[in-house]
2 protein chains.
Amino acid sequence: MSSVRRIPAPTLERLAAYLTCLREMQEEGVAKVSSEALGKRAGNNAAQVRKDLSHLGQFGKPGVGYEVGPLRDRIVRALGLSGGHKVLLVGAGSLGRALARYQGFRREGFEICALFDNDPQKVGHKVGGLEVFPVEEIATRNRELRAAIGIIAAPGPAAQAIAGALVEAGVTCILNFAPVRLRVAKHVAVRAVDLSRELAVLSHWLSRRGRE
Amino acid sequence: MSSVRRIPAPTLERLAAYLTCLREMQEEGVAKVSSEALGKRAGNNAAQVRKDLSHLGQFGKPGVGYEVGPLRDRIVRALGLSGGHKVLLVGAGSLGRALARYQGFRREGFEICALFDNDPQKVGHKVGGLEVFPVEEIATRNRELRAAIGIIAAPGPAAQAIAGALVEAGVTCILNFAPVRLRVAKHVAVRAVDLSRELAVLSHWLSRRGRE
DNA sequence: TCCTGTGAAGCTTTTCACAGCA
DNA sequence: TGCTGTGAAAAGCTTCACAGGA
């Protein structure tokens with residue numbers, strides 16, 4: 001398949017992992033990589049790597065492998081990371097502040113361009129160079145900023161209302177750290193990071209350890 | 001299937017979500033719930049809910065539904081959450097501090113019992129009532145604590161060495177926030193929370209918006 | 001009648017296996 | 001020979017549909 005159609009989410013997640021590996025390789029001065037070598041680094045098997053990369057068109061040279069630089073560029077394009085994205089971050093609690101300071105966003109091409117919180121105590125303060133604005137101002141502030149991505153780093157009970165405000169402001173992709181299922185219009189895409197989910201899986205595995 | 005065998009990870013994740021819903025319902029004084037009602041709350045369809053719960057044995061009453069309290073207890077048991085778990089947290093940067101302060105851990109039965117960091121500037125300081133110890137002390141300190149779960153909230157380059165130290169100290173389950181694939185012995189279970197993965201998926205969706 | 005538990009169907013994702021090219 | 005790209009097979013997960021119990 002030559003042009004990029006819908007790529008399944010598991011594949012997208014692995015492409016992001018390959019990107020990290022390819023960046024490392026570039027820093028190490030590696031110029032070519034086989035599906036097997038890339039798979040080993042990323043923790044997947046070679047066939048999986050080839051199938052994933054086949055979504056991006058034909059790239060590899062039989063008998064040789066893939067060229068690190070061009071492959072990386074191709075994945076960046078497929079993931080839509082080349083232009084950079086503005087992001088609204090809602091919640092200036094400890095998680096929100098950690099995210100505001102996280103350097104990885106910028107490296108991946110994401111720019112947190114505004115920070116919001118409901119708590120009047122936090123409004124007006126600065127976090128990582130950004131002033132905290134009240135949540136009610138999301139829509140008006142985004143009229144200029146035109147960010148399409150929002151991150152919710154607020155407590156569960158506030159999350160649904162925040163999601164509504166973000167969508168109202170024109171956001172169409174939400175990354176949700178609150179432990180609740182958001183109900184949003186179906187043109188809005190939501191990804192959730194839920195600690196209690198991760199912990200539940202670990203805990204189950206732990207309690208099974210040794211049996212099987 | 002009456003006794004609990006291996007439960008697939010997607011099911012475990014949903015069970016954690018049901019648990020949150022059931023807790024809410026208990027607070028609201030709801031005593032009984034049908035698979036459809038629970039599904040609606042958790043964002044899954046009724047058949048999925050019944051299939052998931054069938055891993056825990058037979059519980060529901062046809063024509064009535066499930067009793068909220070007993071069902072919740074049963075899920076807690078299946079997830080191995082009843083006894084509580086001690087957790088070692090490594091990394092006292094902004095993410096580590098946010099996790100150390102996160103109240104959700106305790107509510108789910110996880111207790112962060114020690115905090116470690118490589119940075120001498122951070123060692124000795126207190127975060128959320130916990131003193132920060134140097135990473136080299138993980139093994140000795142865990143000789144008494146006997147925690148089996150470790151959380152890595154350190155930068156990528158440090159993560160692999162930390163994972164080694166945790167495993168050395170007897171940890172068998174790791175929750176990794178660093179954007180690297182950890183290589184560990186196969187008796188060790190790893191779950192990864194990777195922001196670049198989440199962002200990559202959102203970004204791809206964003207760049208596809210409107211076509212299809 | 002209402003709702004569970006579950007075999008079977010349907011769909012998605014992963015793995016296999018090999019033709020074909022450098 | 002070494003490695004890609006890809007149909008086909010296998011595995012895994014979700015949804016359907018209905019028998020049967022309260």
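Residue numbering restarts at 1 for every chain, and letters A, B, ... go by the order of the sequence lines. Note that the structure is predicted; figures quoted are calculated from it, not measured.
Taking atom CD on A:Q48 and atom P on C:dT14, their separation rounds to 5 Å, with Å as the unit. As rounded to whole Å, 14 Å separates atom P of D:dA22 from atom CD of B:E67. Per the geometry, CG belonging to A:D52 stands 10 Å off P belonging to C:dT15, to the nearest Å. Rounded to an integer number of Å, the gap from B:L56 CG to C:dG5 P is 10 Å. Atoms CG (B:L15) and C1' (D:dT14) sit 15 Å apart, rounded to a whole Å. In this structure, B:H55 places its NE2 atom 12 Å from C1' of D:dT14, rounding to the nearest Å. We find that CG of B:L53 is positioned 11 Å from C1' of C:dG5, with the value rounded to whole Å. Following rounding to the nearest Å, A:R50 (CZ) and C:dC21 (C1') show an atom-to-atom distance of 14 Å.
Within 4.0 Å of A:S35, counting heavy atoms only, lie sugar-phosphate atoms of the nucleic acid but no base atom. Using a 4.0 Å heavy-atom distance criterion, A:G63 is classed as a base contact.
A salt bridge is absent between A:E67 and A:K32: the closest approach of a Lys/Arg side-chain nitrogen to an acidic carboxylate oxygen does not fall below 4.0 angstrom.
Between the base of D:dG7 and the side chain of A:K51 there is a donor-acceptor pair shorter than 3.5 Å.
Panel note: side chain B:H85, backbone B:I149; no donor-acceptor pair is recorded below 3.5 Å. Looking at A:R183, its side chain never comes within 3.5 Å of a backbone N or O of A:Q160 through a donor-acceptor pair.
Take the nearest nucleotide of DNA chain D for B:T11 and for A:V33: the residue whose nucleotide is more 5' is A:V33. Comparing A:A9 and A:K61 by the nucleotide of DNA chain C that holds the closest heavy atom to each, the one mapping nearer the 5' end is A:A9.
Side chains of A:S94 and B:R101: a donor-acceptor N/O pair is absent below 3.5 angstrom, by distance only.
Nearest to the side chain of B:S34, among D:dT4, C:dT4, C:dT14, sits C:dT4. The listed nucleotides are D:dT6, C:dT14, C:dT4; the one nearest the side chain of B:Y66 is C:dT4. Comparing C:dG20, D:dT14, C:dA17 by their closest approach to the side chain of A:P62 singles out C:dG20.
Close to D:dT14, at under 4.0 Å from its OP1 or OP2, lies a side-chain N or O of B:R14. Put simply, B:Q58 has no side-chain N or O that comes within less than 4.0 Å of OP1 or OP2 on C:dG5.
Under the side-chain contact (heavy atoms from CB on, under 4.5 Å) rule, B:I75 has a single partner from B:D52, B:L12, B:L22, which is B:L22.
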